[in-house]
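Computation of the quantities below employed the complete heavy-atom set of this structure, encompassing side-chain atoms and omitting hydrogens, waters and symmetry-equivalent molecules. Residue numbers start from 1 in every chain, and the chains themselves are labelled A, B, ... in the order their sequence lines are given, proteins ahead of strands.
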2 protein chains.
Amino acid sequence: MRHTASQASADVGHQTETHPQDREPRQDWDEDLVPSRSGRTRRPEPDCPVEAALAAISGRWTTLLLRELMGGPRGFTELRALLPELSAKVLSERLRSLRERGLVTVERQRGFPVRTRYALTEAGLALRPLLIELYATGEALLRLTATEAPPGPPPVRRPPAD
Amino acid sequence: MRHTASQASADVGHQTETHPQDREPRQDWDEDLVPSRSGRTRRPEPDCPVEAALAAISGRWTTLLLRELMGGPRGFTELRALLPELSAKVLSERLRSLRERGLVTVERQRGFPVRTRYALTEAGLALRPLLIELYATGEALLRLTATEAPPGPPPVRRPPAD
DNA sequence: CGGAATCCTATCGGATACTG
DNA sequence: CAGTATCCGATAGGATTCCG
């Protein structure tokens with residue numbers, strides 16, 4: 001990373017000077033944030049990498065399901081046991097969606113009883129760093145936005161004036 | 001990271017032996033994936049860090065909006081110009097949601113015409129690594145799942161037998 | 001300029017029941 | 001065991017209109 005927190009609004013709360021003419025002429029795309037052309041879009045296009053990643057983890061339960069699959073192949077009922085409040089319908093939908101996206105494969109052992117194993121593909125495993133980053137970012141958010149407290153100074157207790 | 005791709009199902013396609021009793025007794029939680037207790041949940045709870053991060057970027061247009069705000073404070077109409085297909089209603093909703101989550105602040109210059117500037121807070125800036133990871137992961141996905149081609153061997157062109 | 005209010009439709013996801 | 005089928009309430013989000 002190159003220019004990490006350049007125009008960071010760390011001093012939010014009241015403006016410092018607010019010169020109305022300090023706007024720079026929009027030099028270029030942020031190479032950190034948007035390294036390739038496919039990300040320089042003005043709307044949610046499916047070929048934008050960010051949208052592709054979002055689509056992969058979209059839907060309730062999906063990240064939890066992926067977390068379980070990261071531990072190795074799992075059967076249908078096994079997944080139901082690991083996520084007891086996830087209904088069979090939604091689990092089925094999620095697994096099919098992940099299959100259609102090439103993130104999960106399934107192999108069925110015929111015989112009795114029918115045994116199925118869902119496993120992540122290489123593409124599915126590629127989601128691991130994203131899950132880790134989601135976790136890390138989420139922890140940072142929970143810390144930074146705990147009780148709305150602004151970072152640094154001790155949290156002035158605002159009176160319940162509602 | 002410690003045991004990166006241990007039980008990775010890279011050889012999917014046909015089972016190797018499939019002993020029905022090879023299930024390990026579920027040793028522990030993956031410390032890479034779920035480092036703290038708040039992530040060891042069996043359902044989408046809002047205090048799970050992953051859910052917190054997902055909530056922050058949830059909703060159509062949100063990541064694009066965050067991308068624009070990463071470039072510095074922006075006004076309402078300015079954002080509309082940057083994302084022309086985003087309706088005023090949804091933009092307003094997104095900005096309010098981000099404000100309520102403590103990710104964005106707004107300052108209004110009263111006078112004429114009314115000027116408003118939306119800026120990321122420190123918590124909002126904390127989303128930057130996540131956006132970058134979303135981009136990187138998305139690029140990996142688009143590469144790995146391009147035309148469903150399995151990685152490694154050259155893509156045998158399947159005849160159009162439909 | 002910077003929004004809020006309304007309306008309307010499509011999709012999501014939970015509950016339940018049924019099948020191979 | 002491993003799903004699918006059906007119903008149904010709740011949002012999401014786009015279009016349009018109105019307001020300070």
Side-chain angles (χ1 to χ4, degrees), chain A residues 18 20 23 42-46 51 54-66 68-69 73-101 104-119, chain B residues 15 18 20-21 23 42-46 51 54-66 68-69 73-101 104-119:
Chain A
T18 8
R23 33 100 169 280
R42 332 207 134 266
R43 57 163 217 249
E45 284 169 306
E51 294 298 319
L54 285 174
I57 62 171
S58 74
R60 206 155 122 89
W61 296 99
T62 302
T63 54
L64 290 171
L65 180 53
L66 287 170
E68 301 302 337
L69 291 174
R74 299 277 184 261
F76 191 87
T77 307
E78 189 178 6
L79 289 168
R80 293 216 61 191
L82 289 166
L83 303 169
E85 305 187 50
L86 169 56
S87 74
K89 178 212 173 193
V90 173
L91 174 56
S92 194
E93 278 178 6
R94 294 293 173 269
L95 289 171
R96 179 159 40 80
S97 171
L98 292 172
R99 252 184 295 150
E100 287 171 356
R101 297 176 193 281
V104 160
T105 53
V106 54
E107 51 185 272
R108 293 181 175 80
Q109 265 105 40
R110 293 215 34 212
F112 189 76
V114 185
R115 188 153 254 286
T116 320
R117 314 207 83 191
Y118 291 91
Chain B
Q15 72 284 17
T18 8
Q21 54 270 80
R23 33 101 168 283
R42 331 207 135 268
R43 58 163 216 248
E45 284 169 306
E51 293 300 319
L54 285 174
I57 61 170
S58 75
R60 206 154 121 91
W61 296 99
T62 302
T63 54
L64 289 171
L65 180 53
L66 287 170
E68 300 302 338
L69 291 175
R74 299 278 183 261
F76 191 88
T77 308
E78 187 179 6
L79 288 169
R80 293 215 62 190
L82 289 166
L83 303 169
E85 304 186 51
L86 168 57
S87 74
K89 179 212 174 196
V90 174
L91 174 56
S92 193
E93 278 178 6
R94 292 294 172 270
L95 289 171
R96 179 159 41 80
S97 172
L98 292 173
R99 251 185 295 151
E100 287 172 356
R101 297 176 192 282
V104 160
T105 53
V106 55
E107 51 184 272
R108 293 181 176 79
Q109 265 105 42
R110 294 212 37 209
F112 187 78
V114 185
R115 187 152 258 283
T116 320
R117 315 206 82 190
Y118 291 91

Q: Hey, could you give me the CD/CG distance between B:Glu68 and B:Leu82, rounded to the nearest 0.5 Å?
A: 4.5 Å
Can you tell me how far [atom2] of [N] sits from [atom1] of [X], to the nearest Å?
{"X": "A:Glu85", "N": "C:dT16", "atom1": "CD", "atom2": "P", "result": "14 Å"}
{"X": "A:Glu107", "N": "D:dA2", "atom1": "CD", "atom2": "C1'", "result": "15 Å"}
{"X": "B:Arg60", "N": "D:dT11", "atom1": "CZ", "atom2": "C1'", "result": "15 Å"}
{"X": "B:Leu82", "N": "C:dG2", "atom1": "CG", "atom2": "P", "result": "13 Å"}
{"X": "A:Leu91", "N": "C:dC12", "atom1": "CG", "atom2": "P", "result": "16 Å"}
{"X": "B:Arg74", "N": "C:dG2", "atom1": "CZ", "atom2": "C1'", "result": "17 Å"}
{"X": "B:Gln109", "N": "C:dC1", "atom1": "CD", "atom2": "C1'", "result": "13 Å"}
{"X": "B:Glu93", "N": "C:dG2", "atom1": "CD", "atom2": "P", "result": "18 Å"}

Q. Would B:Arg96 and B:Ser92 count as having a side-chain donor-acceptor pair, cut-off 3.5 Å?
A. no
**Q.** Which residue lies more 5' along DNA chain C, comparing A:Val114 with A:Ser58 via nearest heavy atoms
**A.** A:Ser58
(Q) Reading DNA chain C from 5' onward, which residue's closest nucleotide shows up sooner: B:Leu95 or A:Leu86? (A) B:Leu95
Q: Confirm from the modelled atom types if B:Lys89 and D:dG13 form a donor-acceptor pair under 3.5 Å, side chain to base only.
A: yes
Q.
For A:Arg94 versus A:Arg60, what's the shortest heavy-atom pair and its separation?
A. NE-O, 2.8 Å
Q: Could you tell me which non-hydrogen atom of A:Trp61 sits nearest to which non-hydrogen atom of A:Glu85, and how far apart they are?
A: CZ2-O, 3.6 Å
Checking all strands, does [X] fall into the base, sugar-phosphate, or nothing category for heavy-atom contacts under 4.0 angstrom?
{"X": "B:Gly59", "answer": "sugar-phosphate"}
{"X": "B:Thr77", "answer": "sugar-phosphate"}
{"X": "B:Arg94", "answer": "sugar-phosphate"}
{"X": "A:Arg80", "answer": "nothing"}

Would you say [X] reaches [N]'s phosphate, i.e. side-chain N/O to OP1/OP2 under 4.0 Å?
{"X": "A:Trp61", "N": "C:dC12", "result": "no"}
{"X": "B:Thr116", "N": "C:dG3", "result": "yes"}
{"X": "A:Arg117", "N": "D:dA2", "result": "no"}
{"X": "B:Ser92", "N": "C:dG3", "result": "no"}

Taking the side chain of [X] as its heavy atoms from C-beta onward, which of [options] lies nearest to it?
{"X": "B:Tyr118", "options": "D:dG3, C:dC1, C:dG3", "answer": "C:dG3"}
{"X": "A:Arg108", "options": "D:dG3, C:dC1, C:dG2", "answer": "D:dG3"}
{"X": "B:Val90", "options": "C:dG3, D:dG3, D:dG14", "answer": "D:dG14"}
{"X": "A:Phe76", "options": "D:dC1, C:dG3, D:dA2", "answer": "D:dA2"}

Q) A:Leu64 and side-chain contact (heavy atoms from CB on, under 4.5 Å): which partner among A:Leu83, A:Leu69, A:Leu86? A) A:Leu83
**Q.** Student check: side-chain heavy atoms of A:Leu95 and A:Phe76 closer than 4.5 Å
**A.** yes
